[in-house]
Amino acid sequence: MVLAPAAPGAGTASRDGQAFCLQPADATGAPTGPAAVVSLADLPGAVRRAEQGRVRWVWDTTRSSYLPMLKAGASVERCHDLTLTRNILSLSEFAPGSDYVLSLRRSAVTDEERDGLPRQVLPVPDSPDQFTLFDSPQPRGRSVHELIRELQDQLAAVAGSSRRGRLQLLVAAESAGALIAVEMEYAGVPWREDIHEQILAGFLGPRPRNGERPLELERLVARLRELLDNPRFNPDSAQELLRALHRAGIEVKSTRSWELQEHNHPAIAPLLEYKKLSRLHSANGWTWLDTWVRNGRFRPEYIVGGVVTGRWASRGGGALQIPQQIRDAARPDPGHKLVVADAAQLEPRVLAALAQDSALAAAARGKDLYQGIADVGFGGDRAKAKVAMLGAMYGATTGESGRLVPQLTRTYPRAIGILERAARTGEAGGIVSSYLGRSCATPSERWLQAQRTTTAEEQRRADSIARTRGRFTRNFIIQSTAAEWALCWLAELRRRLRSAAADGTYVGELVFFLHDEVMLHANADQIQLVCRIVEESAAEATRLMFGPIPIEFAVSIAVVDSYADAK
DNA sequence: CTTCCCAGCGCG
DNA sequence: AAAGCGCGCTGGGAAG
């Protein structure tokens, strides 16, 4: 059975926007009975009753339907997100050329043509705690009939795929991710405001009045003005700073920290210090705390599939860039621990699996893949092996990284071979795909235009643009497949946590996800179980995606009382 | 005044 | 030590 909660305005839902329309349907998406309108208050009961069978909830946008459900006390087992699935199918090389898929591709082109025009901006809740109902982006208020219609088209497209099993897994994992993203937003990362303030005070001095510079920054500015003999300049302005440096005889082309580092001048050290502290103040200072932390929780919004490769993006508070400096403020509640787990060297392991490179798989057998590579081809030098591997996956051409890559090619011809193939495909304007079938976009009209050149000057430019796309597609096959593995890992984690909870054991909840790392806010009495769940989920993710392969995807787990201790 | 782009830096 | 992938956010400054 399939149930379709619909936004108000969709046919039978009530006027006040507080009701859901539930339409039971069979596995093909065909309705099997009359639609029911359920108020928010009755929702938990209705969901429980529906989930006595194996059901999948279907909606346009998970966040706009599921966030109000969670607030009403109803969580669900499985869903199908029509928008996320639509995005995958519209690009996937694995999707068949059905009428539905072709129509998606046509409208994708018009989206591209529309690029540059202002997009519809939607009202967002002004505080993370005030969730508005049905703030979904278009297509707003589609009828249940329309939802079911599209569900049928999507299920048919997946069933008709040449790589049906893989695409099915991708679509399921993407929707599971959508549930997890909303649940993590609802849960929030436990965040101690008092500790955060202590950190700020330690680095910057007492909290300044509105808009004023903190004491420590003010001190550094005074010092810099003196050292650069420039009584009025403002180091926050890159232009002013560059001029001031030049006048002091420091010949830099930019004001980047790494470039400044190469110069010897008494002003350099305090300037680097200023940049570091100024960054902390503007990005994660008191304003950040006031804006993004409420009632002991940091609640970012996660954008599933927000990155072309299928990685998640986030909105609000820079959730995926929390600097080391402030991680100490992430602390568990009493009776809890933070369990922080990350997949060790996920991307090269993915490469080994994708290429079925048994030599690389052998290096991946141990906990430390880079050491394994180093022992075979780099005289045990782990740092060199790592730089070489990253260079191969990113397309480095110069520097130490570029020089070391050929050494890898000799030992791992299959692995390097598929990277090279992906790069050549991209340079020629072709499409590449992840293991499960997430494909990159076709080149833009502008890109194709740039390739049609005549003069030698234009040709050099065209080649450079082509190589840029080659580096993108080279990396795409790795990053996108790694994102899929992480998604499967998350989904398995969630499944096991829920099943333990259903058996009466509260083990904890997922509260944060960062590409290849997860954080759980865990019951301190169930840490052993949590760790086992984390490890079993990783093994199951590997099996689900690749079947029985001789590659281990190692996870490292830290059980801590502060996020700062996780690494 | 608002809107847009860039430089710079944080994360993986 | 640093040039090669993917992002979000901030402040400055130019453009409108």
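So that the names make sense, note that chain A is the first sequence line, chain B the second, and so on, each numbered from 1.
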* To do: Would you mind classifying the nucleic acid contact of A:Glu347 as base, sugar-phosphate or nothing, using non-hydrogen atoms under 4.0 angstrom?
  => nothing
* To do: Let me see the working for A:Arg471 and A:Thr468 under side chain to side chain donor-acceptor pair (under 3.5 Å), right down to the final yes or no.
  => CA-CA 5 Å; A:Arg471 287 192 299 274; A:Thr468 298; 3.2 Å; yes
* Asked: With a 4.0 Å cut-off on heavy atoms, is A:Glu262 in touch with a base, just the backbone sugar-phosphate, or nothing at all?
  -> sugar-phosphate
* Assign the ring pair A:Phe472 / A:Phe476 to parallel, tilted or perpendicular, where the plane angle (0 to 90°) is split at 30° and 60°. => perpendicular
* Asked: Distance check: side-chain N/O of A:Lys275 vs OP1/OP2 of B:dC9, anything under 4.0 Å?
  -> yes
* **Protein-nucleotide distance (A:Trp258, atom CH2; B:dA7, atom P), rounded to Å** => 14 Å
* **Geometric class of the A:His196/A:Trp191 ring pair [parallel <30°, tilted 30-60°, perpendicular >60°]** => tilted
* Below 4.0 Å: OP1/OP2 of B:dA7 and any side-chain N or O of A:Thr255 -> no
* Could you work out which one of C:dG4, B:dC11, C:dC5 sits closest to the side chain of A:Ser401? => C:dG4
* Structure fact -> Assign each of A:Val307 and A:Gly399 the nucleotide of DNA chain C bearing its closest heavy atom; nearer the 5' end lies the nucleotide of A:Gly399
* Could you tell me whether A:Arg403 contacts a base, only the sugar-phosphate backbone, or nothing, with contacts defined as non-hydrogen atoms closer than 4.0 Å? => nothing
* Using only side-chain N and O atoms of A:Ser257, determine if any of them is under 4.0 Å from OP1 or OP2 of B:dC9. => yes
* **Distance test, side-chain N/O of A:Thr397 to OP1/OP2 of C:dG4, below 4.0 Å** => yes
* Please determine, for B:dT2, whether a Watson-Crick or G-U wobble partner exists with both distances under 3.5 Å, and give it or none. => C:dA15
* Output yes when at least one side-chain N/O atom of A:Arg311 is less than 4.0 Å from OP1 or OP2 of C:dG6, else no. => no
* Remember a base hit wins even if backbone is also touched, and classify A:Ile322 as base, sugar-phosphate or nothing at under 4.0 Å, heavy atoms. => sugar-phosphate
* Pair A:Gln479, A:Thr309: side-chain N/O donor-acceptor within cut-off below 3.5 Å -> yes
* Give the rounded distance in Å between these two atoms: CG of A:Leu404 and P of C:dA3. => 14 Å
* Would you call A:Asp561 and A:Arg331 a salt bridge, using N to O less than 4.0 angstrom? -> no
* **Separation of B:dG10 P from A:Lys567 NZ (nearest whole Å)** => 14 Å
* Asked: Where does the angle between the aromatic ring planes of A:Trp288 and A:Phe298 fall among parallel (under 30°), tilted (30 to 60°) and perpendicular (over 60°)?
  -> tilted
* **Rounded distance in Å - NE2 (A:His281) to P (B:dC9)** => 18 Å
* **Atom CZ of A:Arg382 with >12 non-hydrogen neighbours under 6.0 angstrom** => yes
* Asked: Between atom CG in A:Asn284 and atom C1' in B:dG8, what is the gap in whole Å?
  -> 15 Å
* Closest to side chain of A:Thr398, choosing from C:dA3, B:dG12, C:dC5 -> C:dA3
* Nearest whole angstrom, please: distance from the P of B:dG12 to the CG of A:Asp516. => 8 Å
* Asked: Can you tell me how far C1' of B:dG10 sits from CZ of A:Arg256, to the nearest Å?
  -> 15 Å
* At under 4.0 Å between heavy atoms, what does A:Val308 touch on the DNA or RNA strands: base, sugar-phosphate, or nothing? -> sugar-phosphate
* Asked: Nearest-Å distance, NE2 (A:His515) to C1' (B:dG12)?
  -> 4 Å
* **Other residues, nucleotides, ligands: >12 heavy atoms within 6.0 Å of A:Arg297 CZ** => yes
* Structure fact -> Per-nucleotide protein contact along nucleotides 8-16 of chain C, 5' to 3', at a 4.0 Å heavy-atom cut-off (B base, S sugar-phosphate only, - neither), is BSSSSS---
* Using a 4.0 Å heavy-atom cut-off across all strands, classify A:Thr309 as base, sugar-phosphate, or nothing. => nothing
